[in-house]
Amino acid sequence: METQEIISKPSDSDVSNIEWRDGQPYSIQFQDIYFSSEDGVAETEYVFMQGNDLHQRFQQLKNNQFTIIETGFGTGLNFLCAINLWLNLAPDNATLHYISTEKHPLSLEDISAAQSLWPDLNKLSVAFLKRYQSILNGATSLLLDNRVQLTILRADSMSALSKLQVKADAWFLDGFAPSKNPDMWQDKLFSQMARLSKTTTTFATFTSAGQVRRGLQAVGFQVLKQPGFGKKREMLVGHYVAT
Ligand SMILES: C[S@@+](CC[C@H](N)C(=O)[O-])C[C@H]1O[C@@H](n2cnc3c(N)ncnc32)[C@H](O)[C@@H]1O
């Protein structure tokens, strides 16, 4: 994967603009929350882990690697939950490659404050935060516990994905609600997802927006509606069928 050319040194305008509301991060720029105010960990577990059937797939892994691609790294909650599951369930000799895009990274201070909300993930968070500054300084990849490789692509999701040459096993489609961030949820993004998918590739997302459902179907994903987390009525999951 060519990561060097995807990453450019961030300018000040790239950084996130957040405020803390009731102890939780809120994006001023997108006017949206980073994770459920009811229970962020439970939401991630339900939407992204169960939505991609990761418990079973990690336990029954046939080869020794698995690739997750996420749109919108944010606070790293999805990342911490995914690696927690991986370290508990996947074979010891297997490697998880977690690739995430992020156009507006949180400062070290903000991401540390967000991750302090999840004491059960503290050990993994400490290991991650030690390296986060190097990612902010332009590093693209790191290893956690020798079983996890993280690549954060500091760029717009669409341009970052267009330069990747890797097949995803699972997609985490995050990146704020489509109504709040229409620039990201475009047909070009779905086309890139199809290019980076294979027949066993799954996706999950918190949104059930019709435009997302139709966009994914148009590029070859079979899409199912499921009950959403908490107050959300529906969400989408599915897998890639076109070859
Ligand atoms: C809801 S938050 C993601 C939450 C995250 N997955 C987590 O575990 O905390 C959405 C993230 O997408 C990022 N984002 C928004 N538009 C983007 C774009 N066009 N390209 C890349 N990242 C984007 C935002 O900066 C924000 O960090």
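If you're wondering where the values come from, they're calculated on a predicted model, not measured in any experiment. Just the heavy atoms: all of them, side chains too, but no hydrogens, waters or symmetry mates, feed the values below. Whatever order the structure lists them in is the order used to number ligands and atoms, beginning at 1.
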For [atom], what's the nearest protein heavy atom and its distance?
| atom | value |
| --- | --- |
| atom 10 (C) of ligand 1 | Gly175 CA, 3.4 Å |
| atom 17 (C) of ligand 1 | Met184 SD, 3.8 Å |
| atom 16 (N) of ligand 1 | Asn181 ND2, 2.9 Å |
| atom 22 (N) of ligand 1 | Lys103 N, 3.1 Å |
| atom 4 (C) of ligand 1 | Asp174 OD2, 3.4 Å |
| atom 9 (O) of ligand 1 | Thr75 OG1, 2.5 Å |
| atom 19 (N) of ligand 1 | Asp156 OD1, 2.8 Å |
| atom 25 (O) of ligand 1 | Glu102 OE2, 2.5 Å |

Indicate yes or no: does an N/O atom of [X] lie under 3.5 Å from an N/O atom of ligand 1?
| X | result |
| --- | --- |
| Gly72 | yes |
| Asn78 | yes |
| Leu77 | yes |
| Tyr34 | no |

- Message: Do Phe66 and Thr95 have side chains that approach each other closer than 4.5 Å (heavy atoms only, starting at C-beta)?
- Response: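 No; the side chains remain at least 4.5 Å from each other.
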- Taking non-hydrogen atoms only, is Phe35 closer than 4.0 angstrom to ligand 1 via side chain, backbone, both or neither?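 Within the 4.0 Å criterion, Phe35 makes no contact with ligand 1.
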- Message: For Ser100, which part has a heavy atom under 4.0 Å from ligand 1: side chain, backbone, both, or neither?
- Response: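 The answer is neither; Ser100 stays 4.0 Å or more away.
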Which ligand 1 atoms does [X] reach within 4.0 Å, using its non-hydrogen atoms?
| X | answer |
| --- | --- |
| His104 | 25 (O) |
| Phe73 | 5 (C), 6 (N), 7 (C), 8 (O), 9 (O) |
| Glu70 | 6 (N) |

- Task: Out of Ser27, Ser157, Gly74, indicate the one that has the non-hydrogen atom closest to atom 21 (C) of ligand 1.
- Result: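 The residue whose heavy atom sits nearest atom 21 (C) of ligand 1 is Ser157.
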